Amino acid sequence: QVVLFSGKLNTIASVVTTFFLLVYATVNLACLALEWASAPNFRPTFRYFTWHTCLLGIAGCCVMMFLISPVSASASLGFLLLLLLALHYLSPSSTWGYISQALIFHQVRKYLLMLDVRKDHVKFWRPQMLLMVQNPRGSARLIDFVNDLKKSGLYVLGHVELQDLDMLPSDPLQPQQDSWLSLVDKLNVKAFVSLTLAPSVRHGVRQLLFTSGLGGMRPNTLVLGFYDDEAPQDGLAQHPAFTSAREEVPLGFPPLRTPTTPQEEKLRQLLKDLRIQAQIQLVPWDSITRLHWQTCRGPPGGPAEEEEEEEGVVNFPTNTTQVSDEYVCAANKLVLEQSPAPAVRFLYLPRPPADTSLYPLYLHQLELLTRGLGPTVLVHGVSAVTSTQL
């Protein structure tokens, strides 16, 4: 308005003309990108439209801009670049779609068709990994390790969901896809994601080996995590991608489940009902029970072994006299190793023998069982002393 009141409209005429030419050049550039991307929804009605006309329009607009005012043309181009950078880094995700994705798709398809598997040579062989992942929470380190091994090759994260699609109302893998893609972005690994439904892991792995990849880019190496008896740890919670940025671990993945036995679940439920805060620790004691069985069976070929062979089954003996001192000392050592210095220990008190002549042996083995344990309470119950009906 100030320019109009001053009567000098020509002072902004060159700037306005430059911006109009810049808009026309940008429209031609967008049409050129859509034409090169072969976008199916781009159907121009101009009869003589080709990509040559787009280039001609862009070149004509740029030439006219610099002929009118080189300074205004340079300033407008700089302003356009700043606007593009601001929109790229600051604007939220758009629902209109991105022309860059269409261009990338077009070029990738063209070069994949040019990748001929018949021209493969051992000089240019590279590993193309298919890593099977059950739960990313327990496989974060393995994902990073295989990412370092791929050497610019194909890298696919495979996951098998043990379900039957015929028995489900919809595909359960579709909601999980976004969580897996977000995980790949957060871990900064160059990998694809492939999910499948199968009745077993073997069938699922076979499906992924046949369906993963495209053209000459197909997995040639299958990677499986090594199974051990260690309790799984949540690697995502300790991964630098989440700890450094203080971001939450993706909630699309279920928490790790530690293998539990029915006895452990029963004890855990009892502690919960009694409102007791305690930890349950499973202790392997096969080596100790082996001492007891060896004592009960006697030497090879003895009467005890012949009797077991005749019965055809092995029944745990109820005769307490067959409990050896070696077995009791081994149990005492196991308790010491598992709990070095607690305030008090609670142990089960075995039932006293009915024969009074065995009392000295019974007390002697109790002394061996509690030797060096410190404060110890031996408990033997004959009736229920707890109730959860409160």
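For the numbers below, each heavy atom of this structure counts, side chains included, while hydrogens, waters and symmetry mates do not. In this text the structure is predicted, and so the values were computed from the model without any measurement. Numbers for residues simply follow the sequence, beginning at 1.
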For R126 and G153, work out which heavy atoms get closest and say how close.
CD-CA, 3.8 Å
Identify each donor-acceptor pair in which a side-chain atom of residues 21-36 lies under 3.5 Å from a protein atom, sequence neighbours left out, and give them as a table.
from: T26; atom 1: OG1; to: L22; atom 2: O; distance (Å): 2.7
from: N28; atom 1: ND2; to: Y24; atom 2: O; distance (Å): 2.7

Minimum heavy-atom distance N147-N188, with the two atoms named:
ND2-O, 4.4 Å
When clusters are formed by joining ILVMFWY residues with side-chain heavy atoms under 4.5 Å apart, either directly or through shared neighbours, do L224 and L142 land in the same one?
no
CZ of F105: more than 12 outside heavy atoms within 6.0 angstrom?
no
Any non-hydrogen side-chain atom of R218 less than 4.5 Å from a side-chain atom of V117?
no
Rounded distance [0.5 Å steps], CD in Q207 versus CZ in R202:
13.5 Å
Taking the side chain as C-beta and beyond, is there a heavy-atom pair between D164 and L197 under 4.5 Å?
no
Between A278 and L271 the two heavy atoms that sit nearest each other are CB-CD1, 4.1 Å
Please say yes or no: joined through hydrophobic side-chain contacts below 4.5 Å, possibly via intermediate residues, are L131 and L181 part of one cluster?
yes
In short, S212 meets V156 closest at the heavy-atom pair OG-CG1, 4.1 Å
Distance (rounded to the nearest 0.5 Å) between L83 CG and S76 OG
12.0 Å
Are E326 and C329 close enough that some pair of their side-chain heavy atoms sits under 4.5 Å apart?
no
Would the distance check show the side chain of S324 and the main-chain N or O of Y327 forming a donor-acceptor pair, the cut-off being under 3.5 Å?
yes
L113 side, atom CG; L214 side, atom CG - distance, nearest 0.5 Å
8.5 Å
Go through it in stages, so that I can follow the logic: the residues are L361 and Q365, the test is side-chain contact (heavy atoms from CB on, under 4.5 Å), and I'd like the CA-CA distance, side-chain angles, deciding distance and then a yes or no.
CA-CA 6 Å; L361 177 61; Q365 291 184 344; 3.8 Å; yes
Tell me whether the count of non-hydrogen atoms from other residues, nucleotides or ligands lying under 6.0 Å of CD in Q174 goes above 12.
no
Same cluster (ILVMFWY, side-chain, under 4.5 Å), L208 and L162
yes
Check whether any side-chain N or O of H203 sits under 3.5 Å from a backbone N or O of A198 as a donor-acceptor pair, and report yes or no.
no
Same cluster (ILVMFWY, side-chain, under 4.5 Å), L165 and V205
no
Nearest heavy-atom neighbours spanning Y155 and L157
OH-CD2, 3.5 Å
Do V184 and W180 have side chains that approach each other closer than 4.5 Å (heavy atoms only, starting at C-beta)?
no
Look up atom CZ in R345 and atom CG in L378, then write down how far apart they are to the nearest 0.5 Å.
12.0 Å
Could you give me the CA-CA distance, side-chain angles and deciding distance for M132 and V160, then say whether side-chain contact (heavy atoms from CB on, under 4.5 Å) is met?
CA-CA 8 Å; M132 301 304 303; V160 179; 3.5 Å; yes
Please determine whether residues L130 and F145 belong to a single hydrophobic cluster, defined as Ile, Leu, Val, Met, Phe, Trp and Tyr linked transitively by side-chain heavy-atom distances below 4.5 Å.
no
Crowded around H106 NE2? As in, over 12 foreign heavy atoms under 6.0 Å?
yes
Identified side-chain contact (heavy atoms from CB on, under 4.5 Å) partner of E161 from the options L195, L173, D171:
L173
Does atom CZ of F192 have more than 12 heavy-atom neighbours from other groups under 6.0 Å away?
no
Are any non-hydrogen side-chain atoms of L368 and D325 less than 4.5 angstrom apart?
yes
If you look only at distance, which donor and acceptor atoms sit under 3.5 Å apart when one is on a side chain in residues 56-67 and the other is two or more places apart or in another chain?
none

Can you tell me if Y348 has over 12 outside heavy atoms packed within less than 6.0 Å of its OH?
yes
Taking the side chain as every heavy atom from C-beta outward, state whether M217 and L115 have any atom pair closer than 4.5 Å.
yes
Between F42 and F49, how do the two ring planes meet: parallel, tilted or perpendicular, split at 30° and 60°?
perpendicular
Side chains of K110 and Q107: is there a donor and an acceptor less than 3.5 Å apart?
yes
Hey, does L347 have a side-chain heavy atom less than 4.5 Å from the side chain of T376?
yes
Between the main-chain N or O of P40 and the side-chain N or O of R43, is there a donor-acceptor pair closer than 3.5 Å?
yes
Are any side-chain N or O atoms of H380 and backbone N or O atoms of P350, one a donor and one an acceptor, separated by less than 3.5 Å?
no
When every non-hydrogen atom of K190 is compared with those of K150, the smallest separation belongs to O-CE, 3.7 Å
When you look at Q163 and M167, which way does the side-chain contact (heavy atoms from CB on, under 4.5 Å) test go after all the steps?
CA-CA 8 Å; Q163 296 187 36; M167 306 299 295; over 6 Å; no
Nearest 0.5 Å, what's the NE2-CG distance between H364 and L366?
10.5 Å
Tell me, with the steps shown, if V335 and L373 meet side-chain contact (heavy atoms from CB on, under 4.5 Å).
CA-CA 8 Å; V335 175; L373 297 183; 3.9 Å; yes
Can you check whether R137 reaches N135 side chain to side chain, under 4.5 Å on heavy atoms?
yes
Out of curiosity, I68 CD1 to F20 CZ, how far, rounded to the nearest 0.5 Å?
12.0 Å
